[in-house]
Each structure stands twice: as C-alpha cells, then as structure tokens.
Amino acid sequence: MTVTVRFAPSPTGRLHVGNIRTALLNWLFARKSGGTFLLRLDDTDLQRSTEAFADGIRSDLDWLGLVWAREERQSARTDRYVAAAEFLKKQGRLYACYETEDELDRKRKRQLARGLPPIYDRSGLKLTGPERAALEAEGRTPHWRFRLANSEDGFAPLPTIVSWNDLIRGDQTVDVGSLSDPVVIRADGSFLYTFTSVVDDAELGITHVIRGEDHVTNTGVQLQLFEALGKEPPAFGHHSLLIGADGHALSKRLGALSIESMRAEGLEPLAIASYTALIGTSDAIEAQHSLDELARHFSFDKISTGPARFDPEELKALNARVLHATPFEQAEAGLRRLGVGGGAGFWQAVRGNLTVMSDAVAWWQIVDGEIDPKVEDAALVEQAAALLPAATWDDTTWDVWIAALKTASGRKGKALFHPLRLALTGREDGPELKALLPLLGREKVLARLQGRRA
RNA sequence: GGUCCCUUCGUCUAUCGGUUAGGACGCGAGAUUUUCAAUCUUGAAAGACGGGUUCGACUCCCGUAGGGACCGCCA
C-alpha cells in the first residue's frame with residue numbers, strides 16, 4: 001500500500017503556524033515513507049472561500065518547500081458528493097430536516113439552559129410524509145442529516161463507542177451516542193466538510209489522515225460515514241494543538257502567526273519548518289539542514305499528545321542557529337535580494353552574528369558603505385592608525401598590526417579591542433574584527449581610525 | 001450540561017514499577033594563552049496536589065486543581 005496523505009486547508013484565510021504543523025507532519029510522513037502528498041482545497045464554504053486565499057496558501061506552501069503532487073478542490077467534485085448522498089439516502093441514512101438555523105440555535109440554548117447536552121432531537125426523522133409536505137408548502141427547503149448508528153429503535157440514542165487505533169494517540173474512543181446527527185447537506189444544496197472529506201478520502205485513496213486533535217470527535221462520526229458508504233477507512237492520527245508561550249490557547253491570535261507575517265519578519269522557511277515540526281516531539285529542537293533531514297527523523301511515536309507551546313522567541317533563536325550553519329551557496333540568493341554583496345568571505349565573517357538574514361544588511365553597510373566611527377579612546381586609535389601596515393592586506397595583517405599596537409600601547413583585552421571595534425564598525429558587538437579587517441580595506445580603516453566618516 | 005485529552009528542570013521532552021530521573025533549548029561558568037557575539041567544554045535546574053494499589057510509583061487506579069479540544073446549515 002502506497003502512502004497517500006493530504007493537507008486540506010479551507011481557503012478562508014492564510015496559513016498559520018497551526019496549519020503548517022499539520023501540513024508538515026503530513027508532508028514529512030509522505031516523504032519518509034515514499035508516499036504522495038496531496039493538496040486538497042476544502043472550499044465547500046462558498047461564503048468564506050476566496051481565490052486570493054487559495055493563491056496565498058499555495059504560495060505559503062511553496063515558500064516553505066512543501067511540494068504537493070496534485071491539487072484537488074472540493075468545489076469541483078460536487079457530482080461525487082451528490083452520488084454518495086444519493087447512495088446514503090437509498091440506505092435510509094440521510095434524512096431531511098426543516099428547522100431554520102435560528103430554530104436550531106434556540107433549541108440548543110434551551111437544552112443547555114436545562115443542563116442538557118445540546119444534541120439534535122431528531123425531529124426531522126420523526127416527520128411523517130404529510131408533515132414534510134406541509135413544511136415544504138410553507139416554503140421551507142430541507143437540509144439533510146446523516147443518521148448516526150447509535151440506537152436500537154432508530155431514534156433514542158444509546159451510548160455507542162466507535163474506536164480506532166490512532167497513529168499518535170493510541171487507542172481512541174468516541175461515544176457517538178452523545179452526538180448530534182451531523183448535517184451533511186445545507187438547505188441550499190451544498191455539502192459540508194464532515195461528509196465531503198470522507199467521500200474524498202475514500203475516492204482519492206487517502207491512506208493516512210493526519211490532522212489536529214480538534215477533529216477527534218469528527219473521526220468517530222466519519223468512521224461511521226466510511227462504513228455507511230461501504231468504504232475502507234484510512235488510518236487516523238491526531239496531533240495536539242499549539243498553545244501560546246503563556247500556556248493559553250493560540251486560536252485567538254493566529255493572525256500574527258501567519259506564514260505570511262513570519263516571512264515578512266525575515267524568518268527562514270527552514271527554521272519555521274524545523275520549529276513547527278519539532279515542538280511537541282521528543283526530538284531536540286535544533287537546526288536542520290533540509291526538509292529531507294527533518295523527514296528522516298519523523299516518527300509518529302515521537303509526537304506527544306499534550307499541547308505544544310509555540311514561542312516566537314524560541315523560533316527566532318532557532319532561526320539564528322539555522323543561519324549560523326547556512327553555507328554561502330544557500331544564502332547567496334537571499335543576500336542578493338537584500339542587495340548585500342561581499343561573497344563567501346563576507347558571509348563567513350558575519351553569519352554568526354545574524355538572527356534574521358536581513359541583519360546582514362547592516363553589516364554590509366558597515367563593510368561597504370559609510371559610517372561615522374565612534375572615538376572612545378583618541379590616543380589609542382591615533383596610535384593604531386600610525387601603526388597600520390601599509391602593503392597588501394591578507395589574513396595575517398590583523399595579527400601583525402595588533403601585535404605591534406599591543407606593544408606600543410601596552411593595552412590588551414577589552415581596553416585594546418573595544419575602542420578599535422567602535423572606531424572600525426561604530427558598534428559594540430559584531431563578528432571577529434580579524435575577519436572584518438580585510439573586508440574593510442586599508443583606506444576605510446585608516447579614515448575611520450582618524451575619526452573621519454568613511 | 002456532556003465527552004475526550006494533557007500535567008517530569010524556565011521551555012520541548014526521555015523514562016513503557018526498581019535509574020545518581022537522561023537529552024535539547026535557554027541560563028551560569030570556563031576555554032578560544034587578546035573585547036561583544038559566534039564556536040567548544042562544563043554546571044545548576046524537574047515528577048501539580050491529595051489519596052490508594054504494591055516489597056517498591058514519575059510510571060498503575062481514584063479524586064482535586066490547572067491547561068487543551070469537541071458538542072455549528074464552520075473546517
């Protein structure tokens with residue numbers, strides 16, 4: 001059996017860290033097992049789905065390097081859903097209901113107020129032919145529910161356990177006796193996710209459904225749908241959801257955590273992928289060289305069942321470590337986009353001091369552009385200027401020069417280097433001066449030591 | 001009101017009844033016989049609480065507390 005997985009976002013917004021974790025887990029599993037990763041746009045909610053969001057999702061996945069073998073869209077598969085629905089109607093598993101959304105809402109509130117679970121009372125199922133005709137004569141169009149197999153008389157629900165062996169959480173059970181029959185067809189004739197997802201998973205040959213734990217109850221219902229449809233269900237794996245650095249739910253502020261905004265912040269795709277794939281697992285959160293390397297580490301039993309904490313600060317730290325280990329060939333394109341030159345020598349010198357790639361711009365400005373030197377110790381820099389070697393510069397120049405300056409000034413350690421760093425770079429921190437010196441060149445160094453803008 | 005899941009260093013986690021409770025990030029220290037950073041080495045740091053089962057519990061059971069999720073004509 002070839003592994004086939006799908007990532008099924010609905011194009012009602014851009015991708016965020018939570019989404020991307022699901023996408024990644026699917027992609028990594030497919031990659032590791034030599035399987036296929038599909039992108040399925042779940043756009044059954046026509047009110048909220050847009051083409052712009054679909055484009056955004058593709059662009060986010062693409063940027064992260066999560067290539068998909070094929071794209072499917074639910075809006076293009078309506079005939080399949082109609083056929084499956086007809087089949088279920090013939091089996092007597094779908095029944096028409098005539099309540100309005102308002103009526104259902106009031107019903108739920110009433111149940112809750114009385115301390116009862118907000119479960120649909122199956123009024124639609126109890127309707128007689130004449131009653132239905134009367135309702136339709138009133139101008140009502142029905143929506144359709146899937147009758148859960150959870151009772152003996154067909155009406156009163158009994159505790160009914162549906163179970164499966166979850167890829168991530170082990171044995172799982174859902175009591176479908178305490179659930180409402182799900183609406184699968186809206187009054188306007190469009191289909192709902194619970195249903196379309198099952199039809200698609202069956203027909204597209206999905207072997208493993210990896211999704212967030214917000215779907216575990218759905219899985220109980222959907223397992224019954226697979227059965228009613230006469231289809232073999234895929235294996236299911238539900239990962240925990242992300243919580244914020246403060247330990248509370250993330251869902252309220254996902255906007256700030258969109259891939260789009262993280263990209264704008266200058267974070268590396270590999271850092272985002274490594275972080276979201278590694279938090280909540282027993283693997284160390286460390287810089288990965290590629291998605292393939294991440295895939296080699298992938299294993300369902302490393303994923304923990306408790307909620308994982310997403311800390312933007314930790315992501316940033318990982319981003320820095322990813323950069324520190326990035327070879328020039330991989331950084332080159334990004335540097336060019338930022339207008340940073342200097343080649344491999346420059347990259348080698350500064351990469352250890354970057355948190356995000358764009359930090360290189362400031363260093364390039366210091367090396368290539370003009371800065372105002374900061375004179376902390378006039379006497380020392382004057383001496384340094386006087387002792388500056390004349391001839392051609394190479395990587396021994398620094399040692400020769402500093403040895404001479406050390407002897408002449410009697411300075412060492414911080415008293416020696418701090419004033420030099422300030423004069424040469426205008427900053428208190430930065431890469432090794434020895435590496436920076438040849439990049440600066442004699443002229444610039446001399447000018448800055450003399451306190452001139454250069 | 002109901003159902004499900006989770007709780008070990010600050011953080012992510014290992015441990016599948018007997019361990020000096022291990023690793024990673026972060027933090028501290030040292031080294032790089034010359035600053036900050038990077039890098040390397042090293043150190044400190046943990047079983048939510050209360051019961052029970054057991055010769056023995058982080059591990060199993062019950063309860064409490066805290067956290068997460070679901071109960072939609074959203075996905």
Side-chain angles (χ1 to χ4, degrees), chain A residues 8-13 42-45 47-49 74 97 99-101 104-105 108 111-120 142-145 159 169 172-180 182-188 190-194 196-197 211-218 220 238 240-243 245 247-251 275 278-286 302 304-311 313-314 317-318 320-321 323-324 349-354 399 402-403 405-406 411-422 425 427-435:
Chain A
S10 61
T12 54
D42 284 5
D43 52 356
T44 54
D45 185 345
Q47 310 304 320
R48 298 189 298 144
S49 299
Q74 294 196 318
C97 299
E99 299 87 347
T100 64
E101 293 188 57
L104 288 172
D105 197 42
R108 269 190 297 269
Q111 288 168 313
L112 246 11
R114 286 165 51 200
L116 297 169
I119 304 301
Y120 180 60
H143 57 279
W144 296 76
R145 289 186 188 257
R169 335 174 102 214
Q172 293 290 299
T173 57
V174 168
D175 175 16
V176 296
S178 63
L179 267 25
S180 297
V183 175
V184 298
I185 309 177
R186 295 184 179 91
D188 69 3
S190 63
F191 295 87
L192 280 108
Y193 165 82
T194 311
T196 56
S197 184
R211 52 180 9 177
E213 74 172 353
D214 49 338
H215 285 288
V216 304
T217 318
N218 281 337
H238 297 87
S240 64
L241 270 13
L242 260 21
I243 54 175
H248 291 288
L250 208 53
S251 42
Y275 188 62
L278 259 20
I279 46 172
T281 74
S282 54
D283 275 326
I285 296 171
E286 54 190 22
K302 287 182 183 174
S304 75
T305 48
R309 198 169 292 236
F310 177 86
D311 184 350
E313 287 308 311
E314 202 173 2
L318 181 66
R321 277 178 279 138
L323 247 22
H324 299 168
V350 305
R351 68 174 185 179
N353 288 75
L354 310 178
D399 293 327
I402 291 306
L405 181 58
K406 194 179 167 187
R411 299 288 188 77
K412 62 175 185 177
K414 191 165 185 170
L416 176 64
F417 293 99
H418 196 248
L420 283 182
R421 178 175 288 285
L422 279 172
T425 69
R427 286 176 60 158
E428 296 203 322
D429 62 336
E432 247 186 298
L433 288 171
K434 179 176 175 172

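Throughout, a chain's letter reflects where its sequence line sits, starting with A, and its residues are numbered from 1.
For A:R309 against B:U11, a side-chain-to-base donor-acceptor contact under 3.5 Å is absent. The base of B:A75 lies close enough to the side chain of A:N218 for a donor and an acceptor atom to sit less than 3.5 Å apart. For A:R169 against B:C5, no side-chain N or O and base N or O form a donor-acceptor pair under 3.5 Å.
For A:R108 and B:C73, the shortest distance from a side-chain N or O to OP1 or OP2 is below 4.0 Å. Phosphate proximity of B:A75 to A:T44: present, with a side-chain N or O under 4.0 Å from OP1 or OP2. The phosphate of B:G72 (OP1 or OP2) has a side-chain N or O of A:S180 nearer than 4.0 angstrom.
Among the atoms of the strands shown, base atoms are found under 4.0 Å from some heavy atom of A:H143. Using a 4.0 Å heavy-atom cutoff across all strands shown, A:L241 reaches sugar-phosphate atoms only and no base atom. Within 4.0 Å of A:T281, counting heavy atoms only, lie sugar-phosphate atoms of the nucleic acid but no base atom. Contacts of A:T12 with the nucleic acid, taken as non-hydrogen atoms under 4.0 Å apart, are absent. A:R145 comes within contact range of the sugar-phosphate backbone alone, with a heavy-atom separation under 4.0 Å but no base atom that close. Residue contacts for A:S282: at a heavy-atom cut-off of 4.0 Å it reaches the sugar-phosphate backbone alone, with no base atom in range. A:E99 comes within contact range of at least one nucleobase, with a heavy-atom separation under 4.0 Å. Within the nucleic acid shown, A:G280 comes within 4.0 Å of sugar-phosphate atoms alone, with no base atom in reach, counting heavy atoms only. Residue-level contact check: A:I119 touches the backbone only, with heavy atoms under 4.0 Å from sugar-phosphate atoms and none from bases. Residue contacts shown for A:L104 include a base, since a base heavy atom lies under 4.0 Å away. Looking at heavy-atom distances under 4.0 Å, A:D311 makes no contact with the nucleic acid at all. Backbone-only contact: A:R321 has heavy atoms under 4.0 Å from sugar-phosphate atoms and none from a base. As judged by a 4.0 angstrom heavy-atom cut-off over every strand, A:V183 is placed among residues touching the sugar-phosphate backbone only.
Looking only at distances, no side-chain donor or acceptor of A:R427 sits under 3.5 Å from a matching main-chain atom of A:L422.
Using a 4.0 Å cut-off between a side-chain N of Lys or Arg and a carboxylate O of Asp or Glu, A:R309 and A:E314 do not qualify as a salt bridge.
With rounding to the nearest 0.5 angstrom, the CD atom of A:Q74 is 11.0 Å from the CG atom of A:D45. Summarising the geometry, atom CD belonging to A:E99 is positioned 6.5 Å from atom CZ belonging to A:R145; distances are rounded to the nearest 0.5 Å. Between A:K406 atom NZ and A:L416 atom CG the span is 8.0 Å, to the nearest 0.5 Å.
A gap of 9 Å separates the P atoms of B:A14 and B:U7, to the nearest Å. B:U15 and B:U34: their C1' atoms are spaced 46 Å apart (whole Å). Distance noted for atom C1' between B:U54 and B:G72: 48 Å (whole Å). Look at the C1' atom in both B:C9 and B:A46: the space between them is 4 Å, to the nearest Å. Straight-line distance between the C1' atoms of B:G47 and B:C16: roughly 16 Å, to the nearest whole Å. Going from the C1' atom of B:U13 to that of B:C58 covers 14 Å, rounded to whole Å. Rounded to whole Å, the P atom of B:G10 lies 12 Å from the corresponding atom of B:A48. A distance of about 48 Å separates the P atoms of B:G18 and B:A75, rounded to the whole Å.
Atoms CG (A:L278) and P (B:G23) sit 18 Å apart, rounded to a whole Å. The nearest whole Å value for the distance from the CG atom in A:D429 to the P atom in B:C36 is 11 Å. Atom CD of A:E213 is separated from atom P of B:C71 by 13 Å (rounded to the nearest Å). Between the C1' atom of B:G72 and the CG atom of A:D188 lies a distance of 15 Å, rounded to the nearest Å.
A:L241 has its side chain within reach of A:D214: a pair of non-hydrogen atoms, C-beta onward, lies under 4.5 Å apart.
Residue ring and nucleobase are stacked for A:H215 and B:A75, with a centre distance beneath 5.5 angstrom and an angle between planes beneath 30°.
With a 3.5 Å ceiling on both atom-pair distances, the Watson-Crick or G-U wobble partner of B:C25 is B:G10. Nucleotide B:A46 forms no Watson-Crick or G-U wobble pair with any nucleotide shown, as no partner meets the under 3.5 Å limit on both distances. Remark: B:G1 base-pairs with B:C71; criterion is Watson-Crick or G-U wobble with both hydrogen-bond distances under 3.5 Å. Under the Watson-Crick and G-U wobble criteria, each requiring two contacts below 3.5 Å, nucleotide B:U53 is left unpaired. When both distances must be under 3.5 Å, the Watson-Crick or G-U wobble mate of B:U39 is B:A31.
The nucleotide whose nearest atom lies closest to any side-chain atom of A:L112 is, among B:C74, B:G1, B:A24, B:G1. When distances run from any side-chain atom of A:P118 to the nucleotides B:A75, B:C71, B:C12, the shortest one goes to B:C71. Taking every side-chain heavy atom of A:L416 into account, B:U34 is the closest of B:U35, B:U34, B:G68. For A:S10, whose side chain is taken as the heavy atoms from C-beta onward, the closest listed nucleotide among B:A37, B:A75, B:C73 is B:A75. If you check B:U34, B:A69, B:C73 against the side chain of A:D214, the one that comes closest is B:A69. Distances were taken from every side-chain heavy atom of A:E314 (C-beta onward) to each of B:U34, B:C74, B:U11; the shortest belongs to B:U11.
Taking each heavy atom of A:P118 and A:S180 in turn, the nearest pair found is O-OG, 3.8 Å.
Side chains of A:R421 and A:T425: a donor-acceptor N/O pair is absent below 3.5 angstrom, by distance only.
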The test is side-chain contact (heavy atoms from CB on, under 4.5 Å); show your working for A:L405 and A:R411 and say whether it passes. CA-CA 8 Å; A:L405 181 58; A:R411 299 288 188 77; over 6 Å; no
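Comparing A:T217 and A:G115 by the nucleotide of RNA chain B that holds the closest heavy atom to each, the one mapping nearer the 5' end is A:G115.
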